[in-house]
*Asks:* 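Input: one structure, supplied below.
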Amino acid sequence: MSTLAFKFEEIAPRELRPEVYELDGISRASVEAHYKLYQGYVNKRNEILGKLADIDLGSANQVYSELRALKVDLTFAIGGIKNHELYFAHLGGGGGAPTGSFGALVQRDFGSVETWRSDLKATGLAGRGWAWTAYDWDDAQNTFPVWNATPLVALDVYEHAYFLDYQTDRASYIDAFFDNLDWDVVNSWVDRYAIPAR
Ligand SMILES: [Fe+2]
């Protein structure tokens, strides 16, 4: 049997900071339900990698359709993990206007906090799943997704993120999201990735 005998390690879901269970306007029940979905992505990723590691490449065509499906599902699971890790990591703060290095980047690249906030909110209302503010390392063409960009704010607008608290009122959920952002966390990312302020 020839296999994709790569090595992989199972990962475990990251614990949430306690503050994330005590948000303003986003209930504990909603965060708990949302966290379960994130755990599901982690489990799915581990499960798919296990299947890929065991796949028998000897049976040609048949195996490639299975392989394709597994790889597509793997990208979905990994995307779900990364997005939610960002999302939960930067909630639990006091919101308000961005401070520090991220605040300076917003001023420089959007002109004002209001412009940035309205832009992300409108994008969140228009989108189906996620809206990000990212630092683009290239002056890129408008490809989708945007490669080589570092997300700094990740807004989940899938219904599961707000339906329990707001039903169809996505706009109010987005306002609550802004109210809970932790600028120290966002600024630690700006610093960690050495995003140039000029
Ligand atoms: Fe989500």
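Read the numbers this way: they start at 1 and go in the same order the structure lists the ligands and their atoms. Here the structure is a predicted model, which is why all the values come from computation and not from measurement.
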*Asks:* Which pair of non-hydrogen atoms, one from Phe88 and one from Val20, has the smallest distance, and what is that distance?
*Replies:*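 Between these two residues, the closest heavy atoms are O-CG2, 3.6 Å.
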*Asks:* Angle between ring planes, His84 versus His160, binned at 30° and 60°: parallel, tilted or perpendicular?
*Replies:* tilted
*Asks:* Anything protein N/O/S under 2.8 Å from the Fe ion (ligand 1)? Just list residue and atom, please.
*Replies:*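 Near the Fe ion (ligand 1), below 2.8 Å, one finds His34 NE2, His84 NE2, Asp156 OD2, His160 NE2.
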*Asks:* If you measure from the Lys or Arg side-chain nitrogens to the Asp or Glu carboxylate oxygens, is any gap between Lys44 and Glu47 under 4.0 Å?
*Replies:* yes
*Asks:* Under 6.0 Å between ring centres: does that hold for Trp116 and Phe102?
*Replies:* yes
*Asks:* Does CZ in Arg170 sit with more than 12 non-hydrogen atoms of other residues, nucleotides or ligands closer than 6.0 Å?
*Replies:* yes
*Asks:* Hey, would you say the Tyr38 and Tyr41 ring centroids sit under 6.0 Å apart?
*Replies:* no
